[in-house]
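This report refers to the structure that appears directly beneath it.
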Number of protein chains: 2
Amino acid sequence: MNMQTRTPPSSPADNGYGFSDRIQRQLEHAAHLCAGQGGRMTPQRRDVLGLILTATTPVGAYDLLEQLKTSGRKPAPPTVYRALDFLLEHGLIHRIERLSAFVPCTHLQQDHPHDHSHGPAENCLHSAQFLICRSCGGVTEIADAPRVLDVLKSICGKKNFTMQSASVEVEGVCEDCAPASRGQKGPAPAPN
Amino acid sequence: MNMQTRTPPSSPADNGYGFSDRIQRQLEHAAHLCAGQGGRMTPQRRDVLGLILTATTPVGAYDLLEQLKTSGRKPAPPTVYRALDFLLEHGLIHRIERLSAFVPCTHLQQDHPHDHSHGPAENCLHSAQFLICRSCGGVTEIADAPRVLDVLKSICGKKNFTMQSASVEVEGVCEDCAPASRGQKGPAPAPN
DNA sequence: AGAATTGATGTAATATTATTACATATCATT
DNA sequence: AATGATATGTAATAATATTACATCAATTCT
């Protein structure tokens, strides 16, 4: 009832999670982005996004819940799900359906200091493509998306189907985990 | 402990669900297919597949469970999930991740009397593409798949990612539900 | 400033989807 | 009939997600 006293999102004061400078920059960027769309980056939402940005693999809602509990607060599921909904709606994170887990949208990851150049929610339809590694659990968002999307658009066009969102999830084994086909590493023995 | 007395899958005796002739033919076809892969189409699996084939929209595991209960048996979740796993592994159904629900694979739907021509599980990697209508809940499997798949394969190739399965789920509004853009029907007023 | 409105959060309970672990039964062969 | 593999029954529980309602904070209007 005292450290809760509203600090603007950009302040370091409400960062009880030791987010790195890099992630704090990404959080500020995100705050600017959703401010531009009339959204408010509250501490809750900021914390959830920060935790997702920090993780190296997709994070589940209840993982987030656990992590949030460590910080004095004792949130319940709706707290997390509401934050996730907000972040999804503003195009700051994606949900990996196969994993029931969440990853940051790439456009937050690739360090630009802070430009307000694109509007992820309004103009572009919600769509994303992922490569999911069964061995390391890592997820890569495919930047090469337009090609996939174009094909899908053309198919939908033919069928008079109005596309509102689309997700592509490819599951397999990533380069790093591939069992030494050309003298690389080899953490995973036999995927399936 | 008595009506359970094993009847071969093709017998009408274990059909307590009034499956139509058409679906019974599809079930036989499916039985042949998975027999060819060394799988056994047991009554449980047959019933689950029949129910999925009968439905016009994706069916959830617990829906299936309810329906199975009506027939004297009182199955528990594992019964259904095991049947679903089997049907998935043999390429007879697909899981729609966004809906946590299941649909038949199209190659069962398009009435061929019974040819044993293709092997859905061994050679082809597990992949499917769907158009999901938010208005009517209908799901269409995209037959046009190769194009999408080719793009994905090429992307994976570039990244040295070994694709094992892939799913594409496009959500939107289908032709029939589109609010009369050219004097069609118009069951759904305003999707989102 | 005070009242009204909207948006965000807290909280408890519950719903939905899925799995684990272990016992039992059935099938295919020897 | 005995065996080993496959399939099913059963109870308990785990993991994910939502509902409903109370409260609190920010914004706007007068």
Side-chain angles (χ1 to χ4, degrees), chain A residues 1-9 14 31 34-35 37-49 52 58-69 71-90 93 95-103 137, chain B residues 1-9 11 14 31 34-35 37-49 52 58-69 71-90 93 95-103:
Chain A
M1 294 305 189
N2 47 18
M3 63 197 302
Q4 201 76 320
T5 41
R6 169 53 55 283
T7 56
D14 63 351
C34 66
Q37 303 174 235
R40 282 157 54 192
M41 181 60 90
T42 65
Q44 304 273 7
R45 294 164 176 173
R46 204 182 120 96
D47 289 349
V48 168
L49 180 55
I52 292 173
V59 201
Y62 279 74
D63 282 356
L64 292 167
L65 198 51
E66 277 311 304
Q67 295 188 259
L68 288 173
K69 276 179 186 163
S71 180
R73 273 173 291 180
K74 295 194 182 56
T79 301
V80 169
Y81 282 103
R82 284 191 282 233
L84 291 170
D85 285 346
F86 175 88
L87 298 170
L88 284 169
E89 275 161 20
H90 289 77
I93 62 172
R95 180 189 158 93
I96 310 290
E97 299 292 343
R98 291 184 171 216
L99 306 177
S100 297
F102 303 83
V103 294
Chain B
M1 294 303 190
N2 46 18
M3 63 197 303
Q4 202 75 319
T5 42
R6 170 55 57 279
T7 55
S11 158
D14 63 353
C34 66
Q37 302 173 236
R40 283 157 53 191
M41 180 60 90
T42 65
Q44 303 272 9
R45 294 164 175 173
R46 203 183 121 95
D47 289 348
V48 168
L49 179 55
I52 292 172
V59 201
Y62 279 74
D63 282 356
L64 292 167
L65 198 51
E66 277 311 304
Q67 296 188 259
L68 289 173
K69 276 180 186 163
S71 179
R73 272 173 290 181
K74 297 193 180 57
T79 301
V80 168
Y81 281 103
R82 284 191 281 234
L84 291 170
D85 285 347
F86 174 89
L87 298 170
L88 284 168
E89 275 161 19
H90 289 78
I93 62 172
R95 179 189 158 94
I96 310 289
E97 300 292 342
R98 290 184 172 217
L99 305 177
S100 297
F102 303 84
V103 294

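Sequence lines set the chain letters: A, B, ... in the order given, protein chains first and strands last, and positions in each chain run from 1.
- Among V59(A), L84(A), V103(A), the single residue meeting the side-chain contact (heavy atoms from CB on, under 4.5 Å) criterion with I93(A) is L84(A).
- E97(A) meets the side-chain hydrogen bond (donor to acceptor under 3.5 Å, both in side chains) test with R95(A); sequence neighbours excluded.
- Residue L68(B) contributes atom CG, which lies 15 Å from atom C1' of dA7(D) at whole-angstrom precision.
- Separating the CE atom in M41(B) from the CG atom in L87(B) is a distance of 6.0 Å, to the nearest 0.5 Å.
- L65(A) has its CG atom 13 Å from the P atom of dT11(C), to the nearest Å.
- With values rounded to the nearest 0.5 angstrom, D63(A) atom CG is found 10.5 Å from I52(A) atom CD1.
- Atoms CG and CZ, on L49(B) and F102(B) in that order, are 12.5 Å from each other to the nearest 0.5 Å.
- Counting non-hydrogen atoms under 4.0 angstrom, P75(A) reaches nothing in the nucleic acid.
- Rounded to an integer number of Å, the gap from D47(A) CG to dT9(C) P is 10 Å.
- Rounded to whole Å, the distance from CD1 on I96(B) to P on dT16(C) is 20 Å.
- Nearest heavy atom pair, residue L68(A) against residue V48(A), reads CD1-CG2, 4.0 Å.
- Nearest nucleotide to the side chain of R40(A), out of dG10(C), dA26(D), dA7(D): dA26(D).
- Partners of R82(B) by side-chain hydrogen bond (donor to acceptor under 3.5 Å, both in side chains), not counting sequence neighbours: none found.
- Distance K74(A) NZ to dA12(C) C1': 16 Å, rounded to the nearest Å.
- Taking five base pairs at each end of the helix from dA1(C)-dT30(D) to dT30(C)-dA1(D), the local helix axes there meet at an angle of 30°, rounded to 10°.
- Listed pair T79(A) / dG10(C) meets the phosphate criterion, a side-chain N or O lying under 4.0 Å from OP1 or OP2.
- Atom pair R98(A):CZ and dA18(C):C1' shows a separation of 17 Å (rounding to whole Å applied).
- In this view, F86(B) and H90(B) satisfy the ring-ring contact (aromatic ring centres under 6.0 Å, His included) rule, not counting sequence neighbours.
- Atom OG1 of T79(A) is separated from atom CG of L65(A) by 7.5 Å, given to the nearest 0.5 angstrom.
- Here the C1' atom of nucleotide dG7(C) and the CD atom of Q44(A) are 14 Å apart, to the nearest Å.
- Taking atom CZ of R82(B) as the reference point, atom P of dT6(D) lies 15 Å away to the nearest angstrom.
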Grab the N/O contacts between the protein and nucleotides 14-17 of chain D below 3.5 Å, and write none if there aren't any.
residue	atom	partner	partner atom	Å
dA17(D)	OP1	R95(A)	NH1	2.5
dA17(D)	OP1	R95(A)	NH2	2.6
dA17(D)	OP2	Y81(A)	OH	3.0
dA17(D)	O5'	Y81(A)	OH	3.4
dA17(D)	N7	Y62(A)	OH	2.5
dA17(D)	N6	Y62(A)	OH	3.3

